[in-house]
Asks: 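Let me give you the structure first, and then I'll get to my questions.
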Number of protein chains: 2
Amino acid sequence: MPRISAAQRRSDFVNAAIEVIAAYGIDGATTRRIADQAQANLAMLHYCYDSKDDLFADVYEFVAGRYRDVIQDSDPHSTLADTARQLLRGAMEAYLESPSFAATTLELISWARRQHGDRGIAVYDQALESVRAALRGTSAEHPVEPETIDQIAYVIATLADGFAMNWLTYGDRSAATEQMETVVSVLDSWLAARVGSTPAGV
Amino acid sequence: MPRISAAQRRSDFVNAAIEVIAAYGIDGATTRRIADQAQANLAMLHYCYDSKDDLFADVYEFVAGRYRDVIQDSDPHSTLADTARQLLRGAMEAYLESPSFAATTLELISWARRQHGDRGIAVYDQALESVRAALRGTSAEHPVEPETIDQIAYVIATLADGFAMNWLTYGDRSAATEQMETVVSVLDSWLAARVGSTPAGV
DNA sequence: TCTTGACTTAATCAATCGTCCAACTACGTG
DNA sequence: CACGTAGTTGGACGATTGATTAAGTCAAGA
């Protein structure tokens, strides 16, 4: 009803698509449902986007960008262990803040694996690489072996993914909030044993 | 072509369904594709099963049973920490052995969440409860608080799920084999700090 | 006022999808 | 050997639902 610019409408459609993908899965995310969710007309979608694929490309970009934000919010001046903790916590908080974002991410990764197109793996891959970069940025003083960086990034991703699975399955926010602390403590224990650093402020 | 009993054919269809679900997702798992994968005729599927739902119920039961097997393979005479390690390793080895099984499990859980039918969450829930039961079985000597059991089970599930995500995304078996050890070491570190037990034989 | 961009209605066209029927074939049994 | 039954097949039905578009309406700025 309200007349807004096409650019803003596109943003509406992207948000709507994320909700619909989370609720119905990639295959269930039809143009009709997305238009409905955006409270817009079906034809409006094709006025803003040439095709459904075009819209999904934007969705893809949005999700990737969201990860970039989360990762770049970590403090680059902290120690390696602190940065790792911040990255993990940041990811989990993002999942907690928006279950739809979390669910859509898992859905996109799962879909990408099926298509064995490199395009989908890129979400996972880019995020992992950004984590590595953030970790590398902290360890300017003491040289850290690349394998260590890789391992820490892998553990962060593993813990974050596992956290998301449980949180999405049960949808119990208060339980998930507690579980977040458990997961952080798991990372802390391992980091202490692996790189011998004690968490600050604990 | 070969004439076998309907019971065996049903088993073929279940296995075929798992492959197809892993490859095309739940929504992409059509009766035709499943029949194709089973190298059987489409009508054969409806000769063995009244409906697609009937077949999927069997698939569901098969996956749940597979988890039961993995969990019951753990040695009930070990310590709490050892049992925990065995459970985690058992799950990861099952994933590694059959990516299709791993992918189908994730797919089923994801699908279940969307339908918010309790039926689907049951896969996750039953597995988690079995893990708790196995953990409880070991701690007959020293009474362990229920919250501790819950937490350990949660961490095992989280690590196993996270492992599965990465393994399925990249499909790199040799990398996953190494990552399995990393994940186990993460659990070990946390258990040592949490329940103060040193891993045996390390 | 007239053009342009935002928006809508209603249809088109084409895939499938699950299900089922009727016919055909091999096999074990009487 | 005949015959019933279990296994197997090709083909088609009916219905849903998918993305996309043609053509027309409405509001606002030049």
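Chain naming here is simple, since letters A, B, ... match the order of the sequence lines and numbering starts at 1 in each.
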Asks: Within the 4.0 Å limit for protein heavy atoms, which parts of nucleotides 14-19 of chain C are touched? Write it as a string from 5' to 3', B for base, S for sugar-phosphate only, - for none.
Replies: ---BBB

Asks: A quick test of your reading: do over 12 heavy atoms of other residues, nucleotides or ligands sit less than 6.0 Å from CG of B:Asp50?
Replies: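 Not buried by this count: 12 neighbours or fewer within 6.0 Å.
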
Asks: List the residues meeting side-chain contact (heavy atoms from CB on, under 4.5 Å) with B:Glu178, not counting sequence neighbours, and say none if there are none.
Replies: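 Here no residue qualifies.
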
Asks: Give every donor-acceptor pair under 3.5 Å between a side-chain atom in residues 153-168 of chain A and any protein atom, sequence neighbours left out.
Replies:
| from | atom 1 | to | atom 2 | distance (Å) |
| --- | --- | --- | --- | --- |
| A:Thr158 | OG1 | A:Tyr154 | O | 2.8 |
| A:Asp161 | OD2 | A:Tyr124 | OH | 3.1 |
| A:Asn166 | ND2 | B:Tyr124 | OH | 3.3 |
| A:Trp167 | NE1 | A:Tyr95 | O | 3.1 |

Asks: Using five pairs at either end of the helix from C:dT1-D:dA30 to C:dG30-D:dC1, determine the angle between the two local helix axes and round it to 10 degrees.
Replies: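 Comparing the first five pairs with the last five, the axes sit 10° apart.
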
Asks: What is the distance, rounded to the nearest whole Å, between atom CZ of A:Arg10 and atom P of C:dC7?
Replies: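 Rounding to the nearest Å, CZ of A:Arg10 and P of C:dC7 are 14 Å apart.
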
Asks: Any chance you could measure A:Ile26, atom CD1, to B:Ile26, atom CD1, to the nearest 0.5 Å?
Replies: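 Between atom CD1 of A:Ile26 and atom CD1 of B:Ile26 there are 14.5 Å.
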
Asks: Between P on D:dA27 and CD1 on A:Ile4, what's the gap in Å once rounded to a whole number?
Replies: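 Distance, rounded to whole Å: 17 Å.
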
Asks: At a heavy-atom distance below 4.0 Å, what parts of residues 18-25 of chain A sit against DNA chain C?
Replies: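 Listed by number, there are none.
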
Asks: What residue pairs, at least two apart or across chains, pass side-chain hydrogen bond (donor to acceptor under 3.5 Å, both in side chains) with a residue in residues 14-37 of chain B?
Replies: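 Listed by first then second residue: B:Glu19-B:Ser100.
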
Asks: List for me each residue that meets salt bridge (Lys or Arg N to Asp or Glu O under 4.0 Å) alongside B:Glu97, sequence neighbours excluded, and say none if there are none.
Replies: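 Scan of B:Glu97 (salt bridge (Lys or Arg N to Asp or Glu O under 4.0 Å), adjacent residues dropped) gives B:Arg66.
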
Asks: With distance as the sole test, does B:Ser110 use its side chain to make a donor-acceptor pair with the main-chain N or O of B:Glu107 at under 3.5 Å?
Replies: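 Between the backbone of B:Glu107 and the side chain of B:Ser110 there is no qualifying donor-acceptor contact (under 3.5 Å).
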
Asks: Between C:dT8, D:dG7, D:dG10, spot the one nearest the side chain of B:Asn41, thanks.
Replies: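 Taking heavy atoms from C-beta onward, the closest nucleotide is D:dG10.
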
Asks: Just how far, in rounded Å, is C1' of C:dA6 from CG of A:Leu45?
Replies: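 Rounded to the whole Å, the gap is 14 Å.
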
Asks: With sequence neighbours excluded, tell me which residues meet side-chain contact (heavy atoms from CB on, under 4.5 Å) with B:Thr148.
Replies: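 By the side-chain contact (heavy atoms from CB on, under 4.5 Å) rule, B:Thr148 matches B:Val144, B:Glu145, B:Ile152, B:Arg194, B:Val195.
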
Asks: Taking only nitrogen or oxygen atoms into account, show me every contact under 3.5 Å that the protein makes with nucleotides 22-29 of chain C, one pair per line with its distance.
Replies:
| from | atom 1 | to | atom 2 | distance (Å) |
| --- | --- | --- | --- | --- |
| C:dT25 | O2 | B:Arg3 | NH1 | 3.4 |
| C:dT25 | O2 | B:Arg3 | NH2 | 2.8 |

Asks: Does A:Tyr47 have a side-chain nitrogen or oxygen under 4.0 Å from the phosphate oxygens OP1 or OP2 of C:dC7?
Replies: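 A:Tyr47 to C:dC7 OP1/OP2: no side-chain N or O under 4.0 Å.
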
Asks: To the nearest Å, give me how far apart CD1 (A:Ile34) and C1' (D:dG18) are.
Replies: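 A:Ile34 atom CD1 is separated from D:dG18 atom C1' by 12 Å.
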
Asks: Residues two or more places apart in sequence or in another chain: which of them pass salt bridge (Lys or Arg N to Asp or Glu O under 4.0 Å) with B:Glu129?
Replies: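 B:Glu129: salt bridge (Lys or Arg N to Asp or Glu O under 4.0 Å) contacts with B:Arg132, B:Arg136.
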
Asks: Looking at CZ of A:Arg85 and CG of A:Leu187, how far apart are the two atoms once the value is rounded to the nearest 0.5 Å?
Replies: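 One finds 7.0 Å between CZ of A:Arg85 and CG of A:Leu187.
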
Asks: Could you tell me which residues satisfy salt bridge (Lys or Arg N to Asp or Glu O under 4.0 Å) with A:Arg10, sequence neighbours excluded, listed by chain and number?
Replies: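 A:Asp58.
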
Asks: Please lay out, stage by stage, how A:Asp125 and B:Tyr170 fare under the test side-chain hydrogen bond (donor to acceptor under 3.5 Å, both in side chains).
Replies: CA-CA 9 Å; A:Asp125 219 25; B:Tyr170 291 111; 2.5 Å; yes

Asks: Round to a whole Å and report the spacing from CE of B:Met44 to C1' of D:dT8.
Replies: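 Distance, rounded to whole Å: 6 Å.
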
Asks: If I take atom CE from residue B:Met44 and atom CG from residue B:Asp12, how far apart are they, to the nearest 0.5 angstrom?
Replies: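 That separation rounds to 9.5 Å.
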
Asks: Just how far, in rounded Å, is P of D:dT20 from CZ of A:Phe56?
Replies: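 Going from A:Phe56 (CZ) to D:dT20 (P), I get 11 Å.
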
Asks: What pairs with B:Arg89 under side-chain contact (heavy atoms from CB on, under 4.5 Å), at least two apart in sequence or on another chain?
Replies: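 In terms of side-chain contact (heavy atoms from CB on, under 4.5 Å), with neighbours along the sequence ignored, B:Arg89 is linked to B:Glu93, B:Met180, B:Glu181, B:Val184.
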
Asks: Tell me: CD of B:Gln8 to P of D:dA6, nearest whole Å?
Replies: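 B:Gln8 atom CD is separated from D:dA6 atom P by 16 Å.
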
Asks: Classify the nucleic acid contact of A:Ala40 as base, sugar-phosphate or nothing, counting any heavy atom under 4.0 Å across all strands shown.
Replies: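 Here A:Ala40 touches no strand at all.
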
